[in-house]
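Here the structure is laid out as structure tokens; the discussion comes afterwards.
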Amino acid sequence: MGTESTSSSAHAAIRAAIRAVPPGRVSSYGAIAARAGLRGRARLVGRVLREGDSPALPWHRVLHSDGRLAAPPGTALAREQMRRLAAEGVPVRKGRVAREYFIDGDDLDVLLWRG
DNA sequence: AGGATGACGGGAG
DNA sequence: ACTCCCGCCATCC
């Protein structure tokens, strides 16, 4: 198998956590990591998204903890993310999404991503 | 082997 | 609200 790197199980857990975010809602890298049992590894989430070998991965629903989009303003990626969010009814003001659209809090297990 | 990088986060000034 | 800084960690050079 190809050069295995980092626990592929960790990557799988992260992907599952990302897919668990329903349309019309968003979450943060840190929250996704925590939900995947990898608290503190927010950067690992970013790494997994960057690989992007998962077609059904709703990467656009993953934002910074402060509500900012993942990519810097002006980039094609940021525009695409904003477009996808808008398509799901998530308003983006000045490159950020309001806290009320986030499904992360203190205990993700309690929230259960429900809307 | 060592230093820099980054789709991060949180605290501090 | 913004900038700077440090912690974390897999990759990259």
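Within every chain, numbering begins at 1; the chains are lettered A, B, ... in the order of the sequence lines, protein sequences first and strands thereafter.
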Return no unless some side-chain N or O of A:His64 is found under 4.0 Å from OP1 or OP2 of B:dG9.
yes
When all nucleic acid strands are considered with a 4.0 Å heavy-atom cut-off, which category describes A:Arg68: base, sugar-phosphate, or nothing?
nothing
Using whole Å, what does the distance between atom C1' of nucleotide C:dC8 and atom CG of A:Leu38 come to?
12 Å
If I take atom CG in residue A:Leu85 and atom P in nucleotide B:dA7, what distance separates them, rounded to the nearest angstrom?
18 Å
Round to a whole Å and report the spacing from CZ of A:Arg96 to C1' of B:dA7.
18 Å
Figure out the CZ/P separation between A:Arg43 and B:dA7, and round it to whole Å.
9 Å
Below 4.0 angstrom from OP1 or OP2 of B:dG10, is there any side-chain N or O of A:Arg39?
no
Do you know which two heavy atoms are closest between A:Arg61 and A:Pro22, and how far apart they sit?
CD-O, 3.6 Å
Regarding A:Arg41, tell me which of base, sugar-phosphate or nothing describes its non-hydrogen contacts under 4.0 Å with the strands shown.
sugar-phosphate
Taking the side chain as every heavy atom from C-beta outward, state whether A:Ile32 and A:Val21 have any atom pair closer than 4.5 Å.
yes
Figure out the CG/C1' separation between A:Leu49 and C:dA10, and round it to whole Å.
15 Å
If I take atom CD1 in residue A:Ile14 and atom P in nucleotide B:dA7, what distance separates them, rounded to the nearest angstrom?
15 Å
Apply side chain to side chain contact (heavy atoms under 4.5 Å, CB included) to residues A:Trp59 and A:Ile18 and explain how you reach the verdict.
CA-CA 7 Å; A:Trp59 57 270; A:Ile18 294 173; 5.8 Å; no
Looking only at side-chain atoms of A:Trp59, point me to the closest of B:dA7, B:dG6, C:dA10.
B:dA7
Indicate, with a heavy-atom threshold strictly under 4.0 Å, whether A:Ala42 touches base, sugar-phosphate, or nothing.
sugar-phosphate
Under 4.0 Å, heavy atoms only, any strand: does A:Leu77 hit a base, just the sugar-phosphate, or nothing?
base
So, do A:Gln81 and A:Val92 sit near enough that their side-chain heavy atoms are less than 4.5 Å apart?
no
Output the single nucleotide from C:dA10, B:dA7, B:dG9 whose closest atom is nearest the side chain of A:Ser28.
B:dG9
For the pair A:Arg84 and A:Glu88, find out whether any cationic side-chain nitrogen is under 4.0 Å from an anionic carboxylate oxygen.
no
Is A:Ser65 close enough to B:dG9 that one of its side-chain N or O atoms is under 4.0 Å from OP1 or OP2 there?
yes
A:Glu51 atom CD is separated from C:dT11 atom C1', nearest whole Å, by 10 Å
For A:Arg93 and C:dA1, what is the distance between atoms CZ and P respectively, to the nearest whole Å?
14 Å
